Amino acid sequence: MTDRVYPSSKPTGINGTATAGVNNTTTPAAPVKPQLRQPYRHPPQYHNHRRRRSRRGLCCCCCFWSLLVLLVVTLLVSIAGVALYVIYHPQRPQFSVSSLRIAKLNLTTTADSSSHVSSLLNLTLFSKNPNSQITFFYDPFVLSCLSSHSVQIANGSIPAFVSDKKNETTFRTILAASRDLDTDSVTALRSDLKRKNGVPMKIQMDTEVKVKLGGMKTNKVGIRVTCQGINGVAPKSKSPSVASVSSSKCKVDLRIKIWKWTF
C-alpha cells in the first residue's frame with residue numbers, strides 16, 4: 001500500500017518545527033476606536049463687520065450733515081424773519097362792525113312740524129390797514145351770522161378788494177337766510193330769541209389774502225375774522241331793529257391748511 005503523508009495539525013514554530021504546549025486559539029484584534037468628527041467652524045468674517053461699521057459710519061455722517069443743514073436753514077430763516085420785522089414792523093389788519101340792523105328774524109313751524117328760519121340783516125363793516133409799507137390783496141369774503149349756539153342765522157359775501165398802505169375801507173352788505181332747521185338748532189335759537197337782552201350774535205368772515213412787502217409778494221394765506229359781542233332782537237314791527245355793537249370786537253386768525261386739516 002502507498003503511504004500518504006498528512007500535514008501536521010500542530011502549529012509550526014519560527015523555523016518550521018512544531019510548537020508544543022501552545023494553545024491554538026487565535027488572539028482577537030483590539031477594537032478600533034471610532035473617530036469623532038470635529039464640528040466645522042466658519043472662519044470669522046471680518047469683512048462683514050467692516051461693512052457694517054462703514055454703513056453705520058455713513059449713516060451717522062448723513063444724519064450729522066442733515067441736522068447741521070437744518071439748523072443752518074432754521075437760523076437763516078429766523079434771521080430773515082427778524083430783519084423783515086425790524087424793517088417793515090408788520091401788523092395784522094383790523095376789522096370792526098360799525099352797525100347791524102335786523103329787518104327780519106323769524107322762526108316759524110309749519111303744519112308738518114318742520115321749522116323754518118327767515119332773516120334779513122343790513123351790516124356795515126370797517127376795515128383798516130395799519131401798516132405803512134404793506135399792502136393786503138383780499139379775495140372775496142364769505143360771511144355768516146351765527147347765534148350763541150353756532151346756529152346760522154344769515155349769510156352773505158363781500159367782493160374782493162385791495163387794502164393799500166394806511167387804507168381804511170367801509171363795506172355795506174346784506175345778510176339773509178331762508179332755510180329749514182333741525183330739532184337741536186330750533187331749540188337753541190328759540191331759547192336765544194326769548195332773551196331780554198337780545199340774541200347773542202357773532203359775524204364770521206373767511207377769505208384768503210396775499211401780502212406785499214416792498215417788492216415781495218407772498219402766496220395766499222387763509223384768514224378768519226370773528227366779530228363777537230353783538231346783541232340783536234327780532235323786530236316787532238316793519239321798521240328794523242338796531243343791534244348793539246358797542247362792545248363788539250373782531251379778531252383776525254390765520255387759517256393754515258395742511259392736507260385735510262385746517263389750523
Side-chain angles (χ1 to χ4, degrees), residues 92-128 138-161 163 169-209 222-255 257 262-263:
R92 295 190 180 192
Q94 299 173 2
F95 293 85
S96 61
V97 177
S98 300
S99 67
L100 178 63
R101 293 178 178 270
I102 304 174
K104 182 172 62 174
L105 180 55
N106 297 326
L107 179 62
T108 58
T109 303
T110 59
D112 58 353
S113 299
S114 62
S115 297
H116 188 84
V117 61
S118 58
S119 59
L120 181 63
L121 289 72
N122 296 308
L123 177 66
T124 303
L125 286 170
F126 177 76
S127 171
K128 179 181 178 180
Y138 293 103
D139 281 0
F141 283 78
V142 177
L143 277 66
S144 298
C145 180
L146 307 172
S147 71
S148 61
H149 295 88
S150 298
V151 179
Q152 190 178 66
I153 298 173
N155 55 66
S157 63
I158 293 177
F161 70 98
S163 183
T169 310
T170 301
F171 298 94
R172 292 181 177 87
T173 185
I174 295 176
L175 306 179
S178 179
R179 64 189 186 91
D180 293 332
L181 298 178
D182 56 34
T183 305
D184 294 337
S185 298
V186 170
T187 303
L189 185 56
R190 184 170 287 141
S191 65
D192 286 339
L193 289 171
K194 292 179 180 179
R195 294 191 180 190
K196 294 181 179 180
N197 297 329
V199 181
M201 299 178 179
K202 67 178 178 180
I203 305 297
Q204 187 172 284
M205 301 178 283
D206 293 308
T207 188
E208 291 185 337
V209 61
I223 64 169
R224 168 170 286 181
V225 183
T226 305
C227 301
Q228 294 181 322
I230 305 170
N231 289 289
V233 296
K236 297 180 180 180
S237 61
K238 292 183 179 180
S239 59
S241 64
V242 179
S244 173
V245 297
S246 58
S247 301
S248 64
K249 292 182 180 180
C250 297
K251 183 177 65 172
V252 180
D253 296 318
L254 293 177
R255 289 179 61 77
K257 188 171 185 180
T262 302
F263 300 91

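Note that the coordinates shown come from a computational prediction; the quantities given were computed from them, not determined experimentally. By convention here, the first residue in the shown sequence is residue 1.
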Exercise: identify the closest heavy-atom pair between [X] and [Y]:
| X | Y | value |
| --- | --- | --- |
| A243 | G232 | CB-CA, 3.9 Å |
| I230 | V97 | CD1-CG2, 4.1 Å |
| P235 | L105 | CD-N, 4.1 Å |
| S237 | S239 | OG-OG, 3.0 Å |
| E208 | G222 | CG-CA, 4.0 Å |
| P240 | A103 | CB-CA, 3.8 Å |

Exercise. Which side-chain hydrogen bond (donor to acceptor under 3.5 Å, both in side chains) pairs, counting each pair once, include a residue from residues 224-235, with sequence neighbours left out?
Worked result: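 The answer is D206-R224.
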
Exercise. Any donor-acceptor pair under 3.5 Å linking the side chain of S119 with the backbone of I153?
Worked result: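 Yes, the answer is positive, given that a donor and an acceptor are paired below the 3.5 Å cut-off.
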
Problem set entry | S241 (side chain) donor-acceptor with V233 (main chain) under 3.5 angstrom |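 Present.
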
So how far is it from [X] [atom1] to [Y] [atom2], rounded to the nearest 0.5 Å?
| X | Y | atom1 | atom2 | value |
| --- | --- | --- | --- | --- |
| C227 | F95 | SG | CZ | 8.5 Å |
| S157 | I174 | OG | CD1 | 10.5 Å |
| H149 | R190 | NE2 | CZ | 13.5 Å |
| L189 | S150 | CG | OG | 12.0 Å |
| R179 | S118 | CZ | OG | 11.5 Å |
| T109 | D180 | OG1 | CG | 10.5 Å |

Problem set entry | Verdict with supporting geometry, R92 and D253, side-chain contact (heavy atoms from CB on, under 4.5 Å) | CA-CA 9 Å; R92 295 190 180 192; D253 296 318; 4.1 Å; yes

Problem set entry | Heavy atoms of other groups near N197 CG, more than 12 under 6.0 Å |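 At most 12 heavy atoms, drawn from other residues, nucleotides or ligands, come within 6.0 Å of this atom.
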
Exercise. What do you reckon, is CZ of R195 surrounded by more than 12 foreign heavy atoms closer than 6.0 Å?
Worked result: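 Check passes, neighbour count above 12.
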
For this session: Look at the aromatic rings of F161 and F141 and report parallel, tilted or perpendicular, splitting at 30° and 60°.
Result: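 Answer is parallel, since the angle falls under 30°.
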
Exercise. Sequence neighbours excluded, which residues qualify as disulfide (SG to SG under 2.5 Å) partners of C145?
Worked result: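 Here no residue qualifies.
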
Problem set entry | Given L120, N122, L123, L121, the one that forms side chain to side chain contact (heavy atoms under 4.5 Å, CB included) with R101 |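 Considering L120, N122, L123, L121, a side chain to side chain contact (heavy atoms under 4.5 Å, CB included) with R101 is found only for N122.
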
Exercise. With T207, which of L143, V225, I223 fulfils side chain to side chain contact (heavy atoms under 4.5 Å, CB included)?
Worked result: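 Going through the options one by one, the only one that passes is I223.
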
Exercise. Side chains of V117 and V151: does their closest heavy-atom pair fall under 4.5 Å?
Worked result: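 Side chain of V117 against side chain of V151, heavy atoms only: no contact under 4.5 Å found.
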
Exercise. Less than 4.5 Å apart, any side-chain heavy atom of I203 and any of L175?
Worked result: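 I203 vs L175: side chains touch.
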
